Every structure is written in structure tokens, then in C-alpha cells.
Amino acid sequence: MAELRATVKQVLSQLAESREARYYLTQFSSTDRMHFAVVKVGGGVLDQQLDALAAALAFLRNLGLMPIILHGAGPQLDAALEEAGIETVKRDGLRVTSPEAMGVIRPVTYRANRQLVTALERQGVRAQGIQHGVFECDYLDRDRLGLVGDIRRIDLEAIREAVDRGVLPVVASLGESATGQVMNINADFAARELIWAVEPHKIIFLTPTGGLLDESGRVISAISLRTDFDYLVSQPWVHSGMQLKLQQVAQILEKLPDTASVSITSVENLARELFTHRGAGTLIRQGEQILELDEFSESDAARTATLLEQSFGRKLNPGYFDNLPISKVLVSESFGAMAIVLEGVDGIPYLDKFAVTPEAQGAGLGAAVWQALIQRCPELYWRSRVDNPVSPWYFEQADASFTRDGWVAFSRGVRDFARLQRCAEDSLAREPSWQEKSDDD
Ligand code: ARG
């Protein structure tokens, strides 16, 4: 116990924001042990990063968390089959599995499984390889695919027993038919079925790239399926592999509660992904509906005040909500991200407040509200202090800006010069809505 506490302390001190880390540790420990996470490890990661992988998983175990690990062995199988002179044939992306191929696949998968178990034990963590008895299969298409299994039933007993004993379960993607014929299962299918059976809070895909990449090769931090899915799959730069991944994830999350989330990350970034708001990887959630309010009911006003005061770190003027000339209010369901738009000059909407909590930012809700905002307001203007940490981001969003006396007036979509000028003047002349230190917004 003392040792555990030492680990926790060490970890928390390593993470810059230990309050954040504690927040997530509490969240992840609050469900019963079985439901923390399913971690899917690709065969490539297992092959190339075995010790780092084991260390990252051991770290979670030492925090008292019990991830359920599922692995594939794709690259190992490719190499071993080639060595055995058996040609790899794929149909519909699935490995056609002849009896001879199975003769190679089975021992190679066992070996990959044992390697991870051994590596975990080297880290001082007890682990148990589970190579049978989880996935009961039928032939997916015996004539075309051979011994490829279609999962019919999942038996969680072996996994549950391991978790109860505090031993990390390491599950291979092999199954059996009802009569005991061993079958090869695509690791993504195995992961999906296992996730549905376990219903974990977190689903983690460990990959070498550590996330889904955008147009310019940067990791996309967060995707909220409700608001981003259609847009993303219609983008020309979203190649077929990424489309498939998005569809898979959407399908997985569809059957889980909204609180579940998928993180695609790398071994190196796993701890940062899990224990910070910002994360390091791609977080995918069902996301929240973005609601449009016409007015502030008493309870909406109270929640809004809390959000604004927390994110800006100051008190609103007591009369802020009285006679507010609302043009549009957009807010995520949880009130974690919000835009308040007022009537401005020349009928152009003025963005009076844009506020996002750190958690909502990490979940991609700030971006979702912003997206909804610019869709609804093709013309928009707003202001911020030059030294506001969000200003650089505002510069990216705006297509015109004007700086004076420590303030920046921004706009987007306003074309006419005279109107542009009236917007800038109006935003810089507006009264602050905050008490004390009345020079900030
Ligand atoms: N730590 C939180 C989680 O794992 C948030 C992660 C945010 N990650 C991201 N890539 N935006 O649920």
C-alpha cells in the first residue's frame, strides 16, 4: 500500500497539473474494476515497443486500475507465414485462413500473447494470458475465408476472474467453434465484441501514429461524432483507412452510454492522454448536442453565470442577464461550452462571450460550439484583450482584425469597409460585463 502511494505521488508530481490527474484518477476508479478500460494493442506496437508498452500498462495497474488488454499479431503473422512459404491472401480486409495457415497463426499468436505477459511480469505486474474460451465463433464464410471466426458469444468469466484477483488479463484474438475448432478472429472485430460485452468507461487504441491525422498530418485532438462525423467522412483528405476507423468507432460507441469515450493514442502518450484535460491523442465521443437558447431561464442563467465566472475568473455584473439583446445563444448540453451572441451594429451579430471549460475543451466541445456558431452567423464580430491566451486562436478564426489600446477587434465575413469600421468601433466601445478590474472581457 505504501508502495502504491509512492507510485501515485511520483506520477502526480510528474504530471504538471496534478489536480487534473487526480480528477481523472477519481473518475476512472469510480466504476468497478472491470469497467475501467479495454485497451486494444496492435501487433505492430507489441512487436516494436514491447517494454514501453508493458511499462505504460504497469503504470495503470500501479494506480489501482485494471485495463483489459486485447492484442492482435498482424505483422508477426505476416512474417511467420511468409517464412513458412504460405501466401497471405486477404478478402474484404480479412486474412483467409487455411488449415495450414492456422498451423502458423496459432503458435505465433500464443507467442505474442506470452511476450506481453512476460514483459508485464518483468515490470512487477501480475498478468494472465487468455488465449481461449472468450470468443465462441461460427464460420464467417467457410468457403471464402476458411477458419475465420464470426463471434457468436462472449464468455467473460476468465477475464472477470483475473480482474478479481488483481491480475491483468491479456486476451488474444483467437476463438473456438462450439465443437472446439480454433478460429482466427480479426482483432478489430474481437475488440468491438469485447468492448460491447464489457461496456468500459474508456476504450483505448494504442497505435504507432498515436491518433487520427488531419489534412496536414497533425493529430486531431478531439472528435465529437454527433457534430463532426458527416463533415469528416465527406472530406477528400480523409482516406479510406481513416474512414473505416471512424465508422468502427462510431459503431462501437453507438451501443455504449454517452459517457464512454475512445482514445486513440500511442504508448508514449498514454498517461498524458488519460490524466490531462488536453490529452495527447485523438479523443472520440458521441459528443453533445449543441443547443440553441432563445432566452435565459432562471436556471440557465445560473448555469451560464457559473461557466462564465469560472472560465474568466471574475464576477459578472449583477444585471448582466437583464434586457440582454440576445441574438443567439449556443451551448453544449452539459453547459461546458457556450457562445452568447448579441445584436450588434448594422444587423451584424456581436459575439459577446465565448467560454469553454478545460474538460469541454479536451472533449472537443469548444470546437463544436464554434463550428455551430460560424455556420449560423456568416457575419460576426467580437473583441478580446491582446494578452488573452485565446487571442492567437481568434486571429486564426477572424478574417479582419484591428488592434488598439491593448484590445483587438475581430470580425469574420464582414466585407464592406465602412461596416467593418463600425463593427470595430462598436466592439471597442462596449461596456464591460464584469465587476471590479473593469477593463477585461
Ligand atoms: N483525460 C481525458 C480522458 O482520457 C481527456 C482526454 C482528452 N484527450 C484528447 N485527445 N482531447 O478521457
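Order of listing sets the numbers, starting from 1, for every ligand and every atom in it. Just so it is clear, the model here is predicted, and its values are computed rather than measured.
Taking both residues in full, the closest heavy atoms of I252 and L256 are given as O-CG, 3.6 Å, listed atom of the first, atom of the second, then distance. Contact record, Y320 with S433: CD1-CB, 3.4 Å, taken as the closest heavy-atom pair. Contact record, L380 with I348: N-CG2, 4.1 Å, taken as the closest heavy-atom pair.
Here the side chains of D155 and V134 are not in contact, with every heavy-atom distance at 4.5 Å or above.
Aromatic rings of F402 and F410 (six-membered ring for Trp) have centroids beyond the 6.0 Å cut-off, not under it. A ring-centre distance under 6.0 Å is not found for W382 and F354.
Ligand 1 has no N or O atom lying under 3.5 Å from any N or O atom of H277, backbone or side chain. When only interatomic distances are considered, the shortest N/O to N/O separation between G362 and ligand 1 falls below 3.5 Å. Remark: ligand 1 and G281 share an N or O pair separated by less than 3.5 Å (distance only, no angle test). For S263, no nitrogen or oxygen atom sits less than 3.5 Å from a nitrogen or oxygen atom of ligand 1, counting backbone and side chain alike.
Short contacts between ligand 1 and L274, defined as distances under 4.0 Å to a heavy atom of the residue, involve ligand atoms 1 (N), 2 (C), 4 (O). When each atom of ligand 1 is checked for a heavy atom of S221 under 4.0 Å away, the hits are 9 (C), 10 (N), 11 (N).
The shortest contact between atom 6 (C) of ligand 1 and any protein heavy atom is with E273 O, 3.3 Å. In terms of protein heavy-atom proximity, atom 4 (O) of ligand 1 is closest to K202 NZ, 3.0 Å. Ranking the protein heavy atoms by distance from atom 5 (C) of ligand 1 puts T276 O, 3.5 Å first.
When non-hydrogen atoms are compared, ligand 1 lies under 4.0 Å from neither the backbone nor the side chain of T265.
The closest approach between any non-hydrogen atom of E359 and ligand 1 is not below 4.0 Å. Every heavy atom of E20 sits 4.0 Å or more from the atoms of ligand 1.
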If you look only at distance, which donor and acceptor atoms sit under 3.5 Å apart when one is on a side chain in residues 32-40 and the other is two or more places apart or in another chain?
unit_1: D32; atom_1: OD1; unit_2: H35; atom_2: ND1; d: 2.5
unit_1: R33; atom_1: NH1; unit_2: V163; atom_2: O; d: 3.2
unit_1: H35; atom_1: NE2; unit_2: V198; atom_2: O; d: 3.3
unit_1: K40; atom_1: NZ; unit_2: D188; atom_2: OD1; d: 3.0

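The closest side-chain donor-acceptor pair between E20 and T276, if any, does not fall under 3.5 angstrom.
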